[in-house]
Amino acid sequence: MQKITFIFISLLAFILSTGTQAQERYTLNGKIKDAANGEDLIGATLTIKELNNGVVSNEYGFYSITLPKGTYTVNVSYLGYATFEQSVDLNANQKLNIELSNESITLNEAVVTSEAANKNVSDAQVSVAQLDIKQIRKIPALLGEVDVVRSIQLLPGVSSVGEGSSGFNVRGGSIDQNLVLLDEAPVYNSSHLFGFFSVFNPDAVKDVKLIKGGIPAQYGGRLSSILDVRLKDGNNKKLAVNGGVGLIFSRLSIEAPIVKDKGSFIIAARRSYADVLAKPFLKGELKKSSFYFYDLTAKANYTLGKNDKIFLSGYFGRDVFGAGFGFDWGNGTASFRWNHVYNDKLFSNITAFYSKYDYKLGTKGTSTSGDGFVWRSSITNYSVKPDFTYYLNPMNTITFGAQAILYDFYPGLAVATSENVDTEISLPNKYALEAAVYLGDELKLTEDFTVQYGLRYSFFNYMGKGTAYTYGDATPGIKKPLLSEQQYSQWDIIKQYSNPEPRLSVKYGLNSASSIKASYNRTAQYIHLLSNTAASIPLDVWTPSTNNIKPQLADQYVLGYFRNFGSNNTFETSIEGYYKNLKNQVEYIDNADLILNPYLEGQLLNAKGRAYGLELYLKKNKGKLTGWVSYTLSRTERQTAGVNKGNWYPSRFDRTHNLNVVVSYDISERWSLATNFAFGSGTPISLAPNKIDYQGFSVSQNPDGSRNNYRIPAYYRFDLSATCYKKKKQGMKYDWNLVFSLYNVTGRRNAFAIYNTASDPDHTITAAGKPVQISNTPQTLKLSIFGSVIPGITYNFKF
Amino acid sequence: MKYRNIKLRKTMKNFTFSTYATIFLSVIAIISCTDPVKIKLKEGRSEVAVDGSITDQSKVRSTPLPDTVRLTRTNGYLSGPAPVISNALVIINDNMGNRDTLQYTSNGKYVTHVNKITGAVGRNYELTVEVDGQKFHAADLMPRVTNVDSLVTDYRTEPQYGRSSGYFINLYAKDLVGEGDFYRLKVYKNGILYNRPLDLNIAADAGFSDNKPIDGLRFIWPIREFLNPTTNVVDPATSGDMAPYIPGDTVTVEILSLSTASYYFYTQLQRQLLNDGLFASPAANVVTNITNSDPQSSVTAVGWFNASALSSKSLVIKKKD
């Protein structure tokens, strides 16, 4: 660690020395936007042709570059947009706002060819995938509904336990190790309907970026990845309406200027209606049942003069299930951001956000009985996060900032009512403060050699009011005995942690079309999702690090080779290898009881983890045929005393091979086809070979006590979709398309799990025709989430 | 292929989850399904399996019934009936000096002599099993049990709690005052025990969990509700004897006391028997209180021996006027 700190300081000294060499330099800065709707373009590449030097626009479309006095050709490119080129006479600091026009999608007319940027090769950032919402829309989707989280699962290094599981696993990390950000506010449960859809309404999403490795210093708080979802700002030129009608839900979004070219808003809403459609088919009490989700996404922005812009974003969504016994859960987020340009070189964004996830389940029983059971739980947090980017000189871009997050964990309040007498089963709230400061620099040492390095220093304070429990040692794998409890009053420090988190990425360009990159990063995570099930359930409880639960730590090493082919970087390819070392992973004793348990910390185990893999990626960005092939070879394992006799075992989401092929083809102006093929090795599960005959039950028994000893059959799936577009006519505002999709074309029953269970009742029938005995015949079952092909049709419109 | 059966889940978690997840899946015509599979998994080492208990049942029965210890060997999960052990020496003794060598009957069952040993609240019981030169021990304390105050017919005109309308039962029984009473509730219809994994009904005081006891109250609603047949909510017509009771049925409810250790055993048993589907936790072995007197021996035993006090009440379902 000291060595890293030394390198860091040396590099910092180097920057300061390079800064003084400048003579008669001027800064060109401004914003890069979409000409049609005024949206800021994230990650557009601005190149100074004469110097073969450039800069990439940030999350707010801002760029800044400082150059010696002179006349330059400024070239701006962004995938799917016509390239912008302009000559600039730089003899003073200058502001240049650039608007890019959509590349014509008409195939027969002369097309303004835009050059795909070779950003994937030239950027120092490794292990990153940026998906434009337009690309996401081309992927065949379940029930024809495009989805952000399902789309990123097709990228190398990303997988899930199976269909119907919430969240996703990145490079052998568990689902709580992904920081999912919606306009900078974290989302704690990114799923609707148990993971079939994510909370992100595609009509409101502008840009999705997934960072799997070489995580820059500005991000922290989770071990494995950052999923940075940015919402559209809203059209600031004219009113625009987008919508869709599908089999499962409908969408509508409205965006319009508040003041033309100064401010705009977008409001997008969705609601599922499977319950309404199903009502005629339900019997008995189920007629009264409800099961649906809805969400509302809204955002507004306003430009205050030349140097300031403010944004207000919010999300609110809920899933509701119930039939006598109700269950609902959802997220709410709100973020306020203020962009300020201090001077030509210093850009800042200050975010304040609020985020909450909560669920409730229970029944009030019948009105007459006075009986019931209600249970609530939530996690709430508030945060302030100032971030600064200082475009010091063409060689150095410095980022620095800080963050403070106040957490309020509400593990559960259950009220059991028996004959009108309420008994409260309440677990006290837990409070914590997480804070971090960071400093990073992107240093372009030579044209070919770029170093991105930084240090994040994070602190965590588990504080009162609350109760700290001390547990004794026990045989590993057995519930630890409670030794003592200690009460703390408000703001008292119960336990503190801090961690330096060094980050480093190095890029060496071999030529304009290929480069080698390497990175190391340490990440620390102070909050944990306690989940002992194959698929995470909305009832899973988040908990802070405490005196018993240590912060999770990860060290990741990445080495990659990036190469583009074709005259216009038509093909992007990469090969990346990673090794990840995980510490303080949360594991559970056998038969752990995590629900409403104040003493659950006595049932947790501290595990080590390791994950390694190789990722191959081939992507074609341009032409009638676009798409990608991704392949991952990987292993992820855990080890702790008390599980699997202390030996390493594969984690539940370990997939040896994972292949995804996504292809879309534009046949004509009016039709396009898309297909997706997914293959994944079977994931491991625990399956007992033996049984105990006990009281008429067949109880699974594994004499070795081995964990994840059996692999379920491999997964494969083939999807197809066809999209019909409206005939292009001049001057017609109304536009539509119709998406036909077939998901799981072969109807393969992919196994989600294999388990031992008793069969449905078997009766021994007597002569009188009455059953005399109920037996439980043991059987091994394969559970498939999708048992057949799933057709879908969606009508999308905009005007 | 069998479409996934909708089940009422015993634990709160499973109760809500599997049920509604499956309802959702079936209504959008995405039918999740289960297929029985034959898998290649090497059969593990065989162990001695003990299924034994001693009760104070003689106090509630007109003619005392013997208590039973059943001995088998574990075998492959799909390998058919477990081989029985018929050559063991089985002894139960208590801390009052009573001792009985159990009599082998058939099918691995060893029964007590009612005049030699019977259960009584507050006594410690020890089981000794000698088989093939290995000696196994288990012990349990018989805790107190609460009484069934009454059992009444609950006629429902409307479907409720995922069940159809019809005849059900409602239990009036209160947990004993003082934390740390554990119970297993059993239901018999016309003398047949409801003995599906879903029928395992375990209470910690008047509630579910010993972590936060609900003490001294009437058993809370879900526990009472689970005394009613576990109904197939999707299609009650096909659910056979899981349908409501019918007038004339004799329904008997038994409450058995459990020691703390036995309570943990039963909660694990329940968890593992119902641990399936999308939200299953890793399959794990259920705890055992059967130990080999030679800890170094490679021959191990599994299963449970418990001492339970019992109370009971019966009801004949009467047709509604």
Side-chain angles (χ1 to χ4, degrees), chain A residues 164 194 248 274 278 284-285 291 321 324-325 327 361 365 371 416 418-419 421 423 425 532-535 537 539 590-591 595-598 686 688-697 699-703 705 707 710 755-758 760 771 774 778-787 790, chain B residues 5 13 16-17 20-21 24 27-28 30-37 39 41-45 47 49 51 72 74 76-78 82 159-162 164 192 195-197 207 209 211-212 214 217-218 220-222 240-241 268 271-273 276-286 302-303:
Chain A
F194 312 100
I248 174 103
E285 203 204 0
F291 31 93
F321 281 74
F325 199 98
F327 184 18
L361 85 158
D371 292 339
S418 190
E419 300 191 307
V421 180
T423 306
I425 308 167
N532 194 26
T533 51
I537 59 174
L539 293 191
D590 283 346
N591 294 299
I595 303 276
L596 282 178
N597 184 354
S686 301
N690 285 7
K691 67 169 183 291
I692 307 169
D693 190 347
Y694 183 82
Q695 308 241 315
F697 300 116
V699 187
S700 286
Q701 170 69 11
N702 185 351
R707 173 76 63 94
Y710 179 79
Y755 53 89
N756 292 330
T757 188
D760 275 347
I774 298 172
Q779 59 177 356
T780 302
L781 292 182
K782 176 181 88 173
L783 168 68
S784 311
I785 304 301
F786 294 128
I790 297 144
Chain B
N5 191 17
K13 180 164 113 181
T16 50
F17 243 86
Y20 296 117
F24 161 71
V27 286
I28 60 165
I30 300 170
I31 302 161
S32 83
C33 58
T34 53
D35 300 294
V37 284
I39 56 145
L41 193 59
K42 201 175 154 238
E43 192 170 315
R45 169 172 59 86
E47 296 167 280
D51 170 6
T72 54
T74 62
Y77 191 79
L78 297 176
Q160 217 174 35
Y161 310 129
S164 58
I192 303 163
N195 198 34
R196 301 273 303 145
S209 167
N211 294 320
K212 286 278 173 176
I214 301 174
L217 296 182
R218 188 180 169 198
I220 64 168
W221 163 76
D241 69 333
Q268 292 188 13
R271 178 186 291 266
Q272 292 307 325
L273 289 173
D276 59 18
L278 200 52
F279 306 110
S281 55
N285 290 340
V286 171
V302 292

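These numbers were taken from a predicted model, which means no experiment stands behind them. These numbers come from the heavy atoms of this one structure, side chains and all, not from hydrogens, waters or symmetry mates.
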Ignoring hydrogens and geometry, is there a side-chain-to-backbone donor-acceptor pair from A/Asn591 to B/Arg271 under 3.5 Å? no
Determine yes or no for a side-chain-to-main-chain donor-acceptor pair under 3.5 angstrom, with B/Tyr77 supplying the side chain and A/Gln701 the backbone. no
Please rank [options] by heavy-atom pairs under 4.5 Å with chain A and give me the top one.
options	result
B/Thr74, B/Asp51, B/Leu78, B/Val286	B/Asp51
B/Val302, B/Leu273, B/Asn285, B/Leu41	B/Asn285
B/Ala49, B/Ala82, B/Ala283	B/Ala283

Engaged part of B/Glu47 at the chain A interface, taking heavy atoms whose separation is under 4.5 Å: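 For B/Glu47, the side chain is the part near chain A, not the backbone.
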Tell me, for B/Gln272 versus chain A, whether the close heavy atoms (under 4.5 Å) come from the side chain, the backbone, both or neither. side chain
Restricting to non-hydrogen atoms, name the atom on A/Ser686 and the atom on B/Pro282 that form the minimum distance, rounded to 0.1 Å.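 In this case the closest contact between A/Ser686 and B/Pro282 is OG-CB, 4.2 Å.
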Which residues pass the salt bridge (charged side-chain N to carboxylate O under 4.0 Å, His left out) test with A/Asp590, sequence neighbours left out?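 Salt bridge (charged side-chain N to carboxylate O under 4.0 Å, His left out) check on A/Asp590 returns A/Arg707.
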Between A/Tyr710 and chain B, which part of the residue has a heavy atom less than 4.5 Å away: side chain, backbone, both or neither? side chain
Check: A/Tyr694 and B/Thr72 side chains under 4.5 Å, non-hydrogen atoms: no
Most contact-rich option vs chain B, by heavy-atom pairs under 4.5 angstrom, among A/Gly705, A/Ala688, A/Pro689, is A/Pro689
What residue among A/Asn756, A/Thr780, A/Asn690 forms side-chain contact (heavy atoms from CB on, under 4.5 Å) with A/Ser700?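 Looking at A/Asn756, A/Thr780, A/Asn690, the match for A/Ser700 under the side-chain contact (heavy atoms from CB on, under 4.5 Å) is A/Asn756.
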